[in-house]
*Asks:* 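This is the structure I want to talk about, given as C-alpha coordinates.
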Amino acid sequence: MRWGIYIHIPFCRQKCFYCDFPSFAGRENRMEAYTNALCREISAQGTFIGSRQEPAATVYIGGGTPTMLSMSELTAIVCALRKAFPIAVDAEFTMEANPGTVGAGELKELRELGINRLSFGVQSFDDALLRRIGRVHTAAQALEAVENAQIAGFKNLSLDLMYGLPGQTLGQLENSVETAFSLGIQHISIYGLQLEEGTVFARQRDMGRLVLPSEETAEAMYDYMTVSLPQHGYMRYEISNFALPGFESRHNLGYWQDVPYLGLGAAAHSYTGEQRLANITDIDSYIQLLAAQKSPALEEEKITRKIAMEEFAFLALRTTQGIDKKAFETKFGCPLASVYREAIHRMQEKGLLEEKQNHVHLTRLGMKYGNIVFEEFML
Ligand code: SF4
(Lines give C-alpha, C1' and ligand atoms only; values in the text may rest on other atoms or scores of the structure.)
Protein backbone atom coordinates (compact mmCIF):
# COMPACT_ATOMS: atom_id res chain seq x y z
CA MET A 1 0.00 0.00 0.00
CA ARG A 2 1.23 3.48 -0.90
CA TRP A 3 2.40 5.56 2.06
CA GLY A 4 4.43 8.68 2.83
CA ILE A 5 6.66 10.18 5.50
CA TYR A 6 6.36 13.70 6.90
CA ILE A 7 9.15 15.26 8.97
CA HIS A 8 8.48 18.44 10.96
CA ILE A 9 11.18 21.03 11.63
CA PRO A 10 9.63 23.58 14.02
CA PHE A 11 12.14 26.44 13.77
CA CYS A 12 11.69 29.81 12.08
CA ARG A 13 13.84 32.91 12.06
CA GLN A 14 10.83 35.08 12.85
CA LYS A 15 7.13 34.36 13.20
CA CYS A 16 5.18 35.59 10.16
CA PHE A 17 2.23 37.75 11.20
CA TYR A 18 -0.42 35.38 9.79
CA CYS A 19 1.11 32.08 10.91
CA ASP A 20 -0.32 29.73 13.50
CA PHE A 21 1.67 26.67 12.41
CA PRO A 22 3.64 24.88 15.12
CA SER A 23 6.88 26.77 14.50
CA PHE A 24 8.97 28.85 16.87
CA ALA A 25 11.38 31.76 16.52
CA GLY A 26 14.39 32.30 18.79
CA ARG A 27 14.92 28.58 19.54
CA GLU A 28 18.08 28.13 17.46
CA ASN A 29 19.91 26.88 20.57
CA ARG A 30 17.71 23.75 20.51
CA MET A 31 18.30 22.82 16.88
CA GLU A 32 21.12 20.38 17.55
CA ALA A 33 19.31 18.60 20.39
CA TYR A 34 16.15 18.53 18.28
CA THR A 35 17.99 16.92 15.38
CA ASN A 36 19.34 14.22 17.71
CA ALA A 37 15.88 13.57 19.14
CA LEU A 38 14.33 13.44 15.68
CA CYS A 39 16.94 10.94 14.48
CA ARG A 40 16.13 8.84 17.53
CA GLU A 41 12.43 8.90 16.75
CA ILE A 42 13.14 8.04 13.11
CA SER A 43 15.21 5.02 14.02
CA ALA A 44 12.70 3.83 16.67
CA GLN A 45 9.77 4.07 14.22
CA GLY A 46 11.84 2.51 11.46
CA THR A 47 12.56 -0.52 13.60
CA PHE A 48 8.85 -0.80 14.29
CA ILE A 49 7.42 -0.56 10.79
CA GLY A 50 10.37 -0.69 8.42
CA SER A 51 10.36 -4.41 7.76
CA ARG A 52 6.61 -4.61 7.24
CA GLN A 53 6.10 -1.81 4.76
CA GLU A 54 6.71 -1.40 1.11
CA PRO A 55 8.99 1.53 0.28
CA ALA A 56 7.71 5.01 1.10
CA ALA A 57 6.52 6.71 -2.09
CA THR A 58 7.01 10.25 -0.80
CA VAL A 59 9.01 12.06 1.85
CA TYR A 60 8.20 15.64 2.84
CA ILE A 61 10.40 17.68 5.17
CA GLY A 62 8.33 20.68 6.20
CA GLY A 63 7.99 23.17 8.98
CA GLY A 64 8.69 25.68 10.17
CA THR A 65 11.75 26.33 8.09
CA PRO A 66 13.80 23.16 7.54
CA THR A 67 16.56 25.22 5.92
CA MET A 68 17.19 26.88 9.32
CA LEU A 69 19.06 23.67 10.23
CA SER A 70 22.72 23.34 9.25
CA MET A 71 23.67 21.12 6.33
CA SER A 72 25.19 18.58 8.71
CA GLU A 73 21.93 18.45 10.69
CA LEU A 74 19.84 18.03 7.53
CA THR A 75 22.26 15.38 6.29
CA ALA A 76 21.95 13.49 9.59
CA ILE A 77 18.14 13.51 9.29
CA VAL A 78 18.11 12.29 5.68
CA CYS A 79 20.71 9.58 6.47
CA ALA A 80 18.66 8.44 9.48
CA LEU A 81 15.58 8.23 7.26
CA ARG A 82 17.33 6.20 4.58
CA LYS A 83 18.75 3.86 7.21
CA ALA A 84 15.43 3.35 9.00
CA PHE A 85 12.95 3.12 6.13
CA PRO A 86 12.82 1.64 2.67
CA ILE A 87 12.30 4.63 0.37
CA ALA A 88 11.31 4.08 -3.25
CA VAL A 89 14.06 4.89 -5.77
CA ASP A 90 11.66 7.18 -7.60
CA ALA A 91 10.24 8.72 -4.42
CA GLU A 92 9.20 12.35 -4.46
CA PHE A 93 11.48 13.90 -1.83
CA THR A 94 10.37 17.43 -0.95
CA MET A 95 11.87 20.00 1.36
CA GLU A 96 10.31 23.33 2.27
CA ALA A 97 12.74 26.22 2.08
CA ASN A 98 12.48 29.91 2.77
CA PRO A 99 14.39 32.46 0.69
CA GLY A 100 17.13 34.09 2.72
CA THR A 101 17.78 30.90 4.70
CA VAL A 102 19.48 28.85 1.99
CA GLY A 103 22.43 29.69 -0.26
CA ALA A 104 23.64 28.33 -3.62
CA GLY A 105 26.11 25.90 -2.00
CA GLU A 106 23.50 24.46 0.35
CA LEU A 107 21.01 24.01 -2.48
CA LYS A 108 23.60 22.01 -4.36
CA GLU A 109 24.20 19.85 -1.28
CA LEU A 110 20.47 19.29 -0.81
CA ARG A 111 20.21 18.08 -4.39
CA GLU A 112 23.16 15.73 -3.83
CA LEU A 113 21.44 14.47 -0.70
CA GLY A 114 18.56 13.23 -2.86
CA ILE A 115 16.04 16.02 -2.30
CA ASN A 116 14.34 16.31 -5.69
CA ARG A 117 11.60 18.86 -5.02
CA LEU A 118 11.73 22.21 -3.23
CA SER A 119 8.80 24.24 -2.01
CA PHE A 120 9.69 27.89 -1.45
CA GLY A 121 7.59 30.06 0.85
CA VAL A 122 7.57 33.30 -1.13
CA GLN A 123 4.04 34.69 -0.55
CA SER A 124 4.64 37.86 -2.64
CA PHE A 125 7.26 39.53 -4.80
CA ASP A 126 6.45 42.94 -3.30
CA ASP A 127 8.98 44.08 -0.67
CA ALA A 128 6.59 46.40 1.18
CA LEU A 129 4.01 43.64 1.42
CA LEU A 130 6.61 41.11 2.55
CA ARG A 131 7.55 43.45 5.41
CA ARG A 132 3.87 44.05 6.22
CA ILE A 133 3.25 40.31 6.70
CA GLY A 134 6.44 39.70 8.71
CA ARG A 135 8.46 37.76 6.16
CA VAL A 136 12.23 37.81 6.71
CA HIS A 137 13.25 37.90 3.04
CA THR A 138 13.01 40.29 0.10
CA ALA A 139 11.65 39.68 -3.38
CA ALA A 140 15.22 39.75 -4.75
CA GLN A 141 16.21 36.96 -2.33
CA ALA A 142 13.25 34.89 -3.49
CA LEU A 143 14.27 35.30 -7.13
CA GLU A 144 17.85 34.42 -6.25
CA ALA A 145 16.77 31.32 -4.33
CA VAL A 146 14.75 30.00 -7.27
CA GLU A 147 17.58 30.68 -9.71
CA ASN A 148 20.14 29.02 -7.43
CA ALA A 149 17.87 25.98 -7.05
CA GLN A 150 17.61 25.66 -10.82
CA ILE A 151 21.38 25.98 -11.19
CA ALA A 152 21.74 23.29 -8.51
CA GLY A 153 19.72 20.95 -10.73
CA PHE A 154 16.22 21.06 -9.20
CA LYS A 155 13.64 20.40 -11.88
CA ASN A 156 10.59 20.35 -9.63
CA LEU A 157 10.07 23.65 -7.83
CA SER A 158 7.01 25.01 -6.10
CA LEU A 159 6.22 28.50 -4.84
CA ASP A 160 3.66 29.52 -2.21
CA LEU A 161 1.88 32.81 -2.83
CA MET A 162 -0.84 34.55 -0.80
CA TYR A 163 -3.79 36.79 -1.59
CA GLY A 164 -6.15 38.88 0.52
CA LEU A 165 -3.22 40.35 2.48
CA PRO A 166 -3.50 43.69 4.32
CA GLY A 167 -2.96 46.54 1.91
CA GLN A 168 -2.56 44.16 -1.05
CA THR A 169 -4.01 45.34 -4.35
CA LEU A 170 -5.11 43.23 -7.29
CA GLY A 171 -2.24 44.80 -9.26
CA GLN A 172 0.30 43.62 -6.67
CA LEU A 173 -1.07 40.08 -6.81
CA GLU A 174 -0.97 40.14 -10.62
CA ASN A 175 2.68 41.27 -10.52
CA SER A 176 3.61 38.47 -8.13
CA VAL A 177 1.83 35.81 -10.18
CA GLU A 178 3.36 37.16 -13.42
CA THR A 179 6.79 37.05 -11.79
CA ALA A 180 6.19 33.44 -10.78
CA PHE A 181 5.25 32.61 -14.38
CA SER A 182 8.54 34.06 -15.59
CA LEU A 183 10.63 31.76 -13.39
CA GLY A 184 10.08 28.43 -15.13
CA ILE A 185 8.78 26.75 -11.98
CA GLN A 186 6.53 23.70 -12.03
CA HIS A 187 4.04 24.22 -9.21
CA ILE A 188 2.26 27.14 -7.52
CA SER A 189 0.18 27.09 -4.33
CA ILE A 190 -1.95 30.15 -3.66
CA TYR A 191 -3.60 30.61 -0.28
CA GLY A 192 -6.10 33.23 0.82
CA LEU A 193 -5.24 34.87 4.14
CA GLN A 194 -7.03 33.25 7.09
CA LEU A 195 -7.07 35.18 10.34
CA GLU A 196 -6.04 32.67 12.98
CA GLU A 197 -6.28 33.36 16.70
CA GLY A 198 -2.98 33.93 18.47
CA THR A 199 -1.30 35.53 15.45
CA VAL A 200 0.02 39.08 15.15
CA PHE A 201 -2.68 39.80 12.56
CA ALA A 202 -5.44 38.64 14.94
CA ARG A 203 -4.08 41.05 17.57
CA GLN A 204 -3.90 43.87 15.02
CA ARG A 205 -7.49 43.15 14.03
CA ASP A 206 -8.59 43.31 17.69
CA MET A 207 -6.86 46.70 17.99
CA GLY A 208 -8.52 47.91 14.79
CA ARG A 209 -5.17 48.13 13.00
CA LEU A 210 -5.68 45.58 10.27
CA VAL A 211 -7.06 46.81 6.97
CA LEU A 212 -7.83 43.96 4.62
CA PRO A 213 -8.85 44.18 0.96
CA SER A 214 -12.61 44.54 0.46
CA GLU A 215 -14.65 41.40 -0.24
CA GLU A 216 -14.96 42.43 -3.92
CA THR A 217 -11.17 42.86 -4.23
CA ALA A 218 -10.50 39.52 -2.54
CA GLU A 219 -13.01 37.89 -4.90
CA ALA A 220 -11.39 39.58 -7.91
CA MET A 221 -8.03 38.20 -6.72
CA TYR A 222 -9.47 34.71 -6.46
CA ASP A 223 -11.05 34.97 -9.91
CA TYR A 224 -7.82 36.31 -11.40
CA MET A 225 -5.69 33.43 -10.13
CA THR A 226 -8.16 30.69 -11.02
CA VAL A 227 -8.23 31.96 -14.60
CA SER A 228 -4.64 33.11 -15.16
CA LEU A 229 -2.82 30.07 -13.76
CA PRO A 230 -4.53 27.53 -16.06
CA GLN A 231 -4.01 29.94 -18.97
CA HIS A 232 -0.29 29.65 -18.29
CA GLY A 233 -0.41 25.86 -18.14
CA TYR A 234 -0.70 25.47 -14.35
CA MET A 235 -3.72 23.21 -14.02
CA ARG A 236 -5.71 23.33 -10.84
CA TYR A 237 -5.67 19.94 -9.14
CA GLU A 238 -6.75 21.04 -5.67
CA ILE A 239 -8.52 24.12 -4.30
CA SER A 240 -5.24 25.98 -3.64
CA ASN A 241 -2.78 24.05 -5.82
CA PHE A 242 -1.82 24.38 -9.47
CA ALA A 243 0.82 22.45 -11.41
CA LEU A 244 2.21 21.86 -14.85
CA PRO A 245 1.03 18.39 -15.99
CA GLY A 246 2.88 15.67 -14.10
CA PHE A 247 4.15 18.01 -11.36
CA GLU A 248 1.27 17.72 -8.89
CA SER A 249 2.60 17.21 -5.35
CA ARG A 250 2.37 13.46 -4.90
CA HIS A 251 2.83 13.79 -1.15
CA ASN A 252 0.07 16.33 -0.66
CA LEU A 253 -2.26 14.42 -2.99
CA GLY A 254 -1.83 11.52 -0.57
CA TYR A 255 -3.44 13.60 2.22
CA TRP A 256 -6.54 14.09 0.07
CA GLN A 257 -6.63 10.55 -1.29
CA ASP A 258 -6.69 8.65 2.01
CA VAL A 259 -3.05 7.55 1.77
CA PRO A 260 -1.47 6.65 5.16
CA TYR A 261 1.51 8.69 6.34
CA LEU A 262 3.93 8.61 9.21
CA GLY A 263 4.66 11.98 10.83
CA LEU A 264 7.91 12.41 12.74
CA GLY A 265 9.07 15.36 14.82
CA ALA A 266 7.39 17.72 17.28
CA ALA A 267 3.74 18.42 16.37
CA ALA A 268 3.82 15.93 13.50
CA HIS A 269 0.65 13.95 12.79
CA SER A 270 0.39 10.39 11.51
CA TYR A 271 -2.48 8.57 9.84
CA THR A 272 -2.60 4.80 9.63
CA GLY A 273 -5.91 4.46 7.82
CA GLU A 274 -7.72 3.58 11.06
CA GLN A 275 -6.09 5.89 13.54
CA ARG A 276 -4.62 9.38 13.81
CA LEU A 277 -1.71 10.18 16.12
CA ALA A 278 -0.27 13.55 17.07
CA ASN A 279 3.16 14.17 18.54
CA ILE A 280 3.74 16.62 21.37
CA THR A 281 4.23 20.19 20.07
CA ASP A 282 6.61 21.62 22.67
CA ILE A 283 10.21 21.32 21.46
CA ASP A 284 11.79 20.78 24.89
CA SER A 285 9.25 18.14 25.93
CA TYR A 286 9.78 16.38 22.60
CA ILE A 287 13.55 16.31 23.17
CA GLN A 288 13.14 15.09 26.76
CA LEU A 289 10.73 12.30 25.82
CA LEU A 290 13.04 10.98 23.14
CA ALA A 291 16.05 11.23 25.48
CA ALA A 292 14.11 9.05 27.95
CA GLN A 293 13.29 6.62 25.08
CA LYS A 294 9.61 7.41 25.40
CA SER A 295 7.11 7.95 22.60
CA PRO A 296 6.40 11.60 21.73
CA ALA A 297 2.89 10.65 20.55
CA LEU A 298 0.45 12.49 22.78
CA GLU A 299 -2.91 11.89 21.25
CA GLU A 300 -4.37 8.91 19.52
CA GLU A 301 -7.71 9.15 17.83
CA LYS A 302 -9.48 6.02 16.69
CA ILE A 303 -11.37 6.98 13.59
CA THR A 304 -14.98 5.84 13.68
CA ARG A 305 -16.67 4.68 10.49
CA LYS A 306 -18.72 7.89 10.41
CA ILE A 307 -15.65 10.15 10.73
CA ALA A 308 -13.76 8.04 8.19
CA MET A 309 -16.57 8.51 5.63
CA GLU A 310 -16.76 12.25 6.23
CA GLU A 311 -13.02 12.71 5.95
CA PHE A 312 -12.76 10.52 2.90
CA ALA A 313 -15.45 12.59 1.20
CA PHE A 314 -14.44 16.12 2.00
CA LEU A 315 -10.70 15.59 1.61
CA ALA A 316 -11.25 14.04 -1.83
CA LEU A 317 -13.61 16.87 -2.74
CA ARG A 318 -10.74 19.33 -2.35
CA THR A 319 -9.18 17.82 -5.47
CA THR A 320 -10.47 18.47 -8.97
CA GLN A 321 -10.81 14.71 -9.47
CA GLY A 322 -13.17 14.55 -6.50
CA ILE A 323 -14.45 11.43 -4.76
CA ASP A 324 -13.59 8.15 -6.46
CA LYS A 325 -16.82 6.18 -6.11
CA LYS A 326 -15.12 2.81 -6.48
CA ALA A 327 -12.48 3.64 -3.86
CA PHE A 328 -15.25 4.72 -1.45
CA GLU A 329 -17.15 1.45 -1.99
CA THR A 330 -14.00 -0.64 -1.61
CA LYS A 331 -13.12 1.06 1.67
CA PHE A 332 -16.59 1.16 3.24
CA GLY A 333 -18.38 -1.75 1.59
CA CYS A 334 -21.30 0.40 0.42
CA PRO A 335 -21.89 2.71 -2.54
CA LEU A 336 -21.27 6.44 -2.10
CA ALA A 337 -24.88 7.13 -3.09
CA SER A 338 -26.24 5.00 -0.25
CA VAL A 339 -24.69 7.47 2.21
CA TYR A 340 -24.63 10.76 0.34
CA ARG A 341 -27.38 10.61 -2.29
CA GLU A 342 -29.32 13.56 -0.85
CA ALA A 343 -26.27 15.72 -0.17
CA ILE A 344 -25.04 15.14 -3.72
CA HIS A 345 -28.45 15.99 -5.13
CA ARG A 346 -28.77 19.20 -3.09
CA MET A 347 -25.30 20.38 -4.09
CA GLN A 348 -25.91 19.49 -7.74
CA GLU A 349 -29.05 21.62 -7.71
CA LYS A 350 -27.02 24.56 -6.40
CA GLY A 351 -24.47 24.06 -9.19
CA LEU A 352 -21.69 23.27 -6.68
CA LEU A 353 -21.20 19.59 -7.44
CA GLU A 354 -21.07 17.44 -10.56
CA GLU A 355 -21.56 13.69 -10.71
CA LYS A 356 -19.81 11.59 -13.35
CA GLN A 357 -19.79 7.86 -13.85
CA ASN A 358 -16.81 7.19 -11.54
CA HIS A 359 -16.38 10.44 -9.61
CA VAL A 360 -18.23 13.21 -7.83
CA HIS A 361 -16.40 16.53 -7.91
CA LEU A 362 -16.81 20.22 -7.16
CA THR A 363 -17.74 22.48 -10.04
CA ARG A 364 -15.82 25.71 -10.62
CA LEU A 365 -18.38 27.46 -8.42
CA GLY A 366 -18.13 24.66 -5.87
CA MET A 367 -14.35 25.22 -5.63
CA LYS A 368 -15.09 28.81 -4.63
CA TYR A 369 -17.68 27.88 -2.00
CA GLY A 370 -16.19 24.56 -0.93
CA ASN A 371 -17.14 25.00 2.75
CA ILE A 372 -20.85 24.88 1.91
CA VAL A 373 -20.34 21.51 0.22
CA PHE A 374 -18.06 20.12 2.94
CA GLU A 375 -20.72 20.84 5.55
CA GLU A 376 -23.24 18.86 3.53
CA PHE A 377 -20.91 15.86 3.73
CA MET A 378 -20.85 15.87 7.53
CA LEU A 379 -23.02 12.96 8.65
S1 SF4 B 1 8.18 30.81 7.68
FE2 SF4 B 1 6.35 29.53 7.43
S3 SF4 B 1 6.20 28.31 9.30
FE4 SF4 B 1 7.66 29.98 9.69
S5 SF4 B 1 6.44 31.56 10.66
FE6 SF4 B 1 6.48 32.02 8.46
S7 SF4 B 1 4.68 30.96 7.59
FE8 SF4 B 1 5.02 30.15 9.65
Side-chain angles (χ1 to χ4, degrees), residues 6-31 34-35 38 60-70 73-74 77 94-103 106-107 110 117-146 149 157-166 168 176 180 187-205 210 212 240-241 249 251-252 255 263-269 278-279 281-283 286:
Y6 174 78
I7 304 283
H8 191 69
I9 309 295
F11 302 99
C12 284
R13 193 175 284 171
Q14 170 179 303
K15 198 74 185 162
C16 300
F17 297 167
Y18 54 85
C19 178
D20 75 334
F21 300 150
S23 67
F24 306 92
R27 303 302 313 275
E28 286 83 346
N29 61 344
R30 303 304 281 152
M31 291 197 308
Y34 183 81
T35 302
L38 179 57
Y60 193 106
I61 304 183
T65 306
T67 43
M68 287 273 293
L69 297 186
S70 68
E73 288 162 342
L74 289 173
I77 292 167
T94 304
M95 187 179 286
E96 288 181 354
N98 277 321
T101 62
V102 65
E106 286 140 353
L107 286 165
L110 289 178
R117 182 174 185 273
L118 287 179
S119 175
F120 283 112
V122 172
Q123 319 312 352
S124 170
F125 285 101
D126 186 288
D127 281 337
L129 204 50
L130 287 171
R131 281 194 298 276
R132 177 67 186 92
I133 64 174
R135 299 291 298 179
V136 293
H137 59 86
T138 62
Q141 285 175 310
L143 294 173
E144 193 187 357
V146 171
L157 294 178
S158 177
L159 289 192
D160 285 356
L161 296 173
M162 292 182 79
Y163 71 97
L165 297 170
Q168 189 182 29
S176 286
H187 186 283
I188 300 176
S189 304
I190 301 200
Y191 301 101
L193 174 69
Q194 304 281 338
L195 280 183
E196 307 291 354
E197 292 311 317
T199 61
V200 171
F201 276 168
R203 284 198 291 282
Q204 290 180 350
R205 175 204 57 200
L210 189 74
L212 296 176
S240 309
N241 286 283
S249 162
H251 185 83
N252 288 341
Y255 293 143
L264 301 157
H269 287 60
N279 276 0
T281 300
D282 180 68
I283 294 175
Y286 174 82

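The analysis underlying the following values was restricted to heavy atoms, covering all of them including side chains, and did not include hydrogens, waters or symmetry mates. When a ligand or atom number is given, it counts from 1 through the structure's own listing order.
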*Asks:* With side chain to side chain contact (heavy atoms under 4.5 Å, CB included) as the test, would you mind laying out the steps for I9 and M68 before giving the verdict?
*Replies:* CA-CA 9 Å; I9 309 295; M68 287 273 293; 5.8 Å; no
*Asks:* In terms of the angle between their ring planes, are Y255 and H251 parallel, tilted or perpendicular, with boundaries placed at 30° and 60°?
*Replies:*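 The arrangement is perpendicular - the two ring planes meet at more than 60°.
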*Asks:* Using modelled atom types only, decide if a donor and an acceptor are shared between the side chain of H8 and the backbone of N279 within a distance under 3.5 Å.
*Replies:* no
*Asks:* Check whether any side-chain N or O of Q14 sits under 3.5 Å from a backbone N or O of G134 as a donor-acceptor pair, and report yes or no.
*Replies:*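 Yes: the side chain of Q14 pairs with the backbone of G134.
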*Asks:* Check each atom of ligand 1 against the heavy atoms of G64 and keep those under 4.0 Å away; list them by number with element.
*Replies:*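 Contacts of ligand 1 toward G64, numbered from 1: 3 (S).
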*Asks:* Residues two or more places apart in sequence or in another chain: which of them pass side chain to side chain donor-acceptor pair (under 3.5 Å) with R30?
*Replies:* D284
*Asks:* Around atom 6 (Fe) of ligand 1, how many protein N, O or S atoms are closer than 2.8 Å?
*Replies:* 1
*Asks:* For the residue pair E197 and D20, establish whether any side-chain heavy-atom pair is separated by less than 4.5 Å.
*Replies:*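 In short, these two side chains do not touch, never coming nearer than 4.5 Å.
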